[in-house]
Amino acid sequence: MTDDRQLWARSVDGDTTAFGTLFERHADAVFGYCLRRTGSWLAAEDLVSVVFLEAWRRRDAMVPYGASVLPWLYGIALGVSRNHHRSLRRHRAALDRVPPPEPSADHADVVAERVDAERRVAAVQRHLARLPRRDREVVEACVWLGQTQAEAAVMLGIPLGTVKSRLARAHRHLRTGVLADLAMEDR
């Protein structure tokens, strides 16, 4: 199996097939991250497209960290999701004036599963929102994405020691709140 570094080198030379292989390899992970950041299935799907378009556009400027391009893709996803949140805040007043779409009945188990997943993500997001942004982003990188602390440092562009201290501080704040909320909602 060709590793990410080789595929990336071919992508830099304009090989769209190699880039497509990287997309297939990492799109689900990037989608999961975007879903956790936004709490919305549809927004996450849109953001994944933007992440990979941006990766293609900036492919000449990137050198993979380790054997994987995933930490770099997560870094792009972080920036894209920040832009998404800024856009939502800027347009919230205008969107509030637009009437909501008519509700439709849920006819599939998949839809019910998505709603439950979004409810759980929202519970976690409520507690994460209480953290400073810098602590929240470290939690997302290390806990949600399963990145090592060193990979999180690369993704966020901060020293490893900073990742460790932010993660410890966030852990102290989140230890009881999230689990208690999820237990209450499941009753």
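Scope of the values below: all heavy atoms of this structure, side chains included, with no hydrogens, waters or symmetry mates.
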Side-chain touch Arg82/His85, heavy atoms, less than 4.5 angstrom:
no
Please enumerate all residues that pass side-chain hydrogen bond (donor to acceptor under 3.5 Å, both in side chains) together with Ser68, with sequence neighbours excluded.
Asp4
Using side-chain heavy atoms (C-beta onward) and a distance below 4.5 Å, is Phe52 in contact with Leu73?
yes
Report the residues that fulfil salt bridge (charged side-chain N to carboxylate O under 4.0 Å, His left out) with Arg58, sequence neighbours left out, ordered by chain and then residue number.
Glu54
So, Arg37 and Glu140, do they make that salt bridge, N to O below 4.0 Å?
yes
CG-CG distance between Leu70 and Leu22, expressed to the nearest 0.5 angstrom
10.5 Å
Taking C-beta and beyond as the side chain, do Arg166 and Ile158 meet within less than 4.5 Å on heavy atoms?
yes
Under 30°, 30 to 60°, or over 60°: which ring-plane class applies to Phe31 and Trp41, parallel, tilted or perpendicular?
perpendicular
With sequence neighbours left out, write down each residue that passes salt bridge (charged side-chain N to carboxylate O under 4.0 Å, His left out) with Asp116, or none if nothing qualifies.
none
Please name the pair of heavy atoms, one in Ala55 and one in Phe19, separated by the smallest distance, quoted to 0.1 Å.
CB-CZ, 4.1 Å
Spatial distance of atom CZ (Arg5) from atom CZ (Arg10) [nearest 0.5 Å]
15.5 Å
Compare every heavy atom of Val69 with every heavy atom of His26, then report the nearest pair and how far apart it is.
CD2-CG2, 3.8 Å
Do Gln147 and Tyr33 have side chains that get closer than 4.5 Å, going by heavy atoms?
no
Test salt bridge (charged side-chain N to carboxylate O under 4.0 Å, His left out) applied to Arg59 - qualifying residues, sequence neighbours left out:
none
Side chain to side chain donor-acceptor pair (under 3.5 Å) with Asp135: of Arg169, His171, Arg130, only one passes, and it is Arg169
Strictly by side-chain hydrogen bond (donor to acceptor under 3.5 Å, both in side chains), give each pair with a member in residues 154-165 just once, sequence neighbours left out.
none
Do the side chains of Leu145 and Glu151 get nearer than 4.5 Å, heavy atoms only?
no
side-chain contact (heavy atoms from CB on, under 4.5 Å), that's the test. Do Ser87 and Asn83 meet it? Break it down for me.
CA-CA 6 Å; Ser87 246; Asn83 289 341; over 6 Å; no
Derivation of the side-chain contact (heavy atoms from CB on, under 4.5 Å) call for Val48 and Glu45:
CA-CA 5 Å; Val48 168; Glu45 289 177 338; 5.9 Å; no
Does some side-chain heavy atom of Thr16 sit less than 4.5 Å from a side-chain heavy atom of Trp56?
yes
CG (Asp46) and OG (Ser40) are apart, to the nearest 0.5 Å, by 8.0 Å
Could you tell me whether a side-chain N or O of Asp13 sits under 3.5 Å from a main-chain N or O of Asp15, the two making a donor and an acceptor?
no
Interatomic spacing from CG in Leu128 to CZ in Arg133 - rounded to 0.5 Å
14.0 Å
Go through the steps for Leu78 and Tyr74 under the test side-chain contact (heavy atoms from CB on, under 4.5 Å), then give the verdict.
CA-CA 6 Å; Leu78 174 63; Tyr74 283 145; over 6 Å; no
For Arg114, salt bridge (charged side-chain N to carboxylate O under 4.0 Å, His left out) partners two or more places apart:
none
Nearest heavy atoms of Ala150 and Leu160, plus distance in Å
N-CD1, 3.6 Å
Give me the atom names and distance for the closest heavy-atom approach of Cys34 to Leu47.
SG-CB, 3.8 Å
Say you draw a straight line from CH2 of Trp72 to CE of Met62; how long is it, rounded to the nearest 0.5 Å?
5.0 Å
Tell me whether Arg57 contacts the main-chain N or O of Leu53 through its side chain, where contact means a donor paired with an acceptor under 3.5 Å.
no
Output for pair (Asp28 CG, Leu35 CG), nearest 0.5 Å, gives 11.5 Å
Nearest heavy-atom neighbours spanning Ala44 and Thr38:
N-OG1, 4.0 Å
Looking at every non-hydrogen atom in both residues, tell me the closest pair between Pro159 and Ala153 and how far apart they are.
C-CB, 4.1 Å
